[in-house]
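Down below is the structure, laid out as structure tokens.
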Amino acid sequence: MTRSILIVDDDEVFANTLALSFERKGFMTDVAFSKEQALLAAGQRQFTDITLDLNLGEQSGLQLITQLRSLQPTANILILTGYASIATTVQAIKLGADNYLAKPADSAAVLRALDDDSSGVASNDDEAFDFQPMSVSRLEWEHIQRVLNEHEGNVSATARALNMHRRTLQRKLAKRPVGR
């Protein structure tokens with residue numbers, strides 16, 4: 001049986017490059033750049049695997065997991081994101097994603113994450129995970145992500161809850177913390 005993959009990502013260059021790489025490996029691929037395109041593709045064809053970007057423009061990929069799961073109950077759903085956090089990882093797994101992988105990730109790392117049968121966070125490197133304390137900026141990022149998740153992605157409500165100006169929060173959200 002030929003594996004088929006739906007790649008849902010608003011970054012057209014990344015999505016098309018990933019699709020081409022999977023086609024070279026013998027996959028049947030389909031690419032969607034928005035929530036609407038993803039739901040249309042998932043409603044028309046069965047996929048063995050789905051990669052879903054956490055941030056689809058102004059929309060959250062988290063909101064799409066349940067819908068994709070209902071249309072594709074047997075597909076492996078992998079969340080890909082450049083802004084990984086513990087809060088979004090937990091939420092994605094609870095909503096039905098099978099795995100979660102931080103970008104940057106190449107097709108080999110994505111394939112390993114799709115083939116990993118243990119639910120959780122995939123590593124995009126082969127080194128063993130070492131338990132080092134998180135940096136202050138990473139702790140702040142995790143806290144902001146948790147509160148943002150509690151407010152369903154509403155930046156204004158999150159800023160109020162954090163007693164922070166909305167623009168300050170937007171600047172912090174635009175920066176990805178370095179290190180752990």
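The side-chain heavy atoms of Leu101 and Leu78, taken from C-beta on, include a pair separated by under 4.5 Å. Looking at heavy atoms from C-beta onward, Ile7 lies out of side-chain contact with Asp30 at the 4.5 angstrom threshold. Ile93 is not listed as a side-chain neighbour of Asn99, based on a closest heavy-atom distance of 4.5 Å or more. Here the side chains of Leu54 and Leu80 are not in contact, with every heavy-atom distance at 4.5 Å or above. Side chains of Met28 and Arg45 form a contact here, defined as non-hydrogen atoms less than 4.5 Å apart.
Atoms CG and CD1, on Asp98 and Ile50 in that order, are 9.5 Å from each other to the nearest 0.5 Å. Note that the CD1 atom of Ile79 and the OH atom of Tyr100 stand 8.0 Å from one another [nearest 0.5 Å]. Between the CD atom in Gln72 and the OG1 atom in Thr74 there is a gap of 7.0 Å [rounded to 0.5 Å]. If you take CZ on Phe47 and CG on Asn76, they are separated by 13.5 Å, rounding to the nearest 0.5 Å. To the nearest 0.5 Å, the span separating CG on Leu6 from OG1 on Thr29 amounts to 9.5 Å.
In this structure, the side chain of Arg69 engages the main chain of Gly96 through a donor-acceptor pair within 3.5 Å. Of the possible polar contacts, none joining the His151 side chain to the Gly153 backbone as a donor-acceptor pair under 3.5 Å is found. Using a distance-only test at 3.5 Å, with no hydrogens or angles considered, a donor-acceptor pair links the side chain of Gln37 to the main chain of Phe33.
Applying the side chain to side chain donor-acceptor pair (under 3.5 Å) test to every pair with at least one member in residues 4-20, sequence neighbours left out, gives these pairs: Asp9-Lys103.
Put simply, Leu40 and Leu71 are part of two different groups of oily side chains (I, L, V, M, F, W, Y) that touch within less than 4.5 Å, one to the next.
Partners of Phe14 under the ring-ring contact (aromatic ring centres under 6.0 Å, His included) rule, at least two apart in sequence or in another chain, do not exist in this structure.
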